Amino acid sequence: MKQTITEKFLDSIWDFAGRPADDRIKDQVKNCVIDYLACTMLGAHLAKEENRGYLESFSDSSGNIPVVGAGIRTGVLQAAMLNGMNSHLIELDDGNRYAMLHLGAPVISAMLV
């Protein structure tokens, strides 16, 4: 049976995940997480009132998942969304000033919850 492109992609991630990471990759991951946390905390500070407004607009915002840097806790989906929004707010793009996207915003936000 022929694999779909999605199955091939997932297989390559699975294979990569099984290999030990070298120091260069570990350093890059560490830098991305530090960048994410710094951006998210500043974004949460700048959007403090907006975060509370978003929480009030959700039909259910109960939960114990932290919104990084905001001092509030909410549900899994809401925390992932607010963390993603806050981390992307100041547009620092994972330490690459020429990047057109900030992959850490959605990826790390989802991994944290």
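Worth saying up front: this structure is predicted, and the values here are computed from it rather than measured.
- There is no path of hydrophobic side-chain contacts, each under 4.5 Å, that joins I90 to M85.
- In the hydrophobic clustering of ILVMFWY residues, with side-chain heavy atoms under 4.5 Å counting as a link, F58 and I72 come out together.
- Judged as a side chain to side chain contact (heavy atoms under 4.5 Å, CB included), and not counting sequence neighbours, the contacts of K26 are A21, D23.
- A continuous path of Ile, Leu, Val, Met, Phe, Trp and Tyr side chains, each step under 4.5 Å between heavy atoms, connects F16 with V29, placing both in one hydrophobic cluster.
- In the hydrophobic cluster analysis, where Ile, Leu, Val, Met, Phe, Trp and Tyr join through side-chain heavy atoms closer than 4.5 angstrom, V67 is grouped apart from L112.
- Between L55 atom CG and R73 atom CZ the span is 13.0 Å, to the nearest 0.5 Å.
- Interatomic distance, CG of D15 versus CZ of R19, reported as 7.0 Å (0.5 Å rounding).
- Here E7 contributes atom CD and K2 contributes atom NZ; the two are 11.5 Å apart, rounded to the nearest 0.5 Å.
- Panel note: side chain S57, backbone Y54; a donor-acceptor pair is recorded below 3.5 Å.
- Screening residues 38-47 for side-chain hydrogen bond (donor to acceptor under 3.5 Å, both in side chains) gives no qualifying pairs among residues at least two apart or on separate chains.
- The distance from atom CG of D35 to atom SG of C39, rounded to the nearest 0.5 Å, is 4.0 Å.
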Would V68 and N86 count as a side-chain contact (heavy atoms from CB on, under 4.5 Å) if you check the C-alpha gap in whole Å, the side-chain angles of each, and the deciding distance to 0.1 Å? CA-CA 8 Å; V68 175; N86 290 338; over 6 Å; no
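- Hydrophobic clustering (side-chain heavy atoms under 4.5 Å, transitive across Ile, Leu, Val, Met, Phe, Trp, Tyr) keeps L46 apart from L82.
- Between the CG atom of L103 and the NE2 atom of H88 there is a distance of 10.0 Å, given to the nearest 0.5 Å.
- By the 6.0 Å contact criterion, CD1 on I13 is enclosed, its count of non-hydrogen atoms from other residues, nucleotides or ligands being greater than 12.
- Remark: L89 CG to E50 CD distance equals 8.0 Å, nearest 0.5 Å.
- For V76, the side chain to side chain contact (heavy atoms under 4.5 Å, CB included) criterion is met by I65, V113, not counting sequence neighbours.
- The two residues S109 and Y36 come nearest to each other via the heavy atoms OG-OH, 2.9 Å.
- The minimum heavy-atom distance between P66 and A79, with the atom names listed, is O-CB, 4.0 Å.
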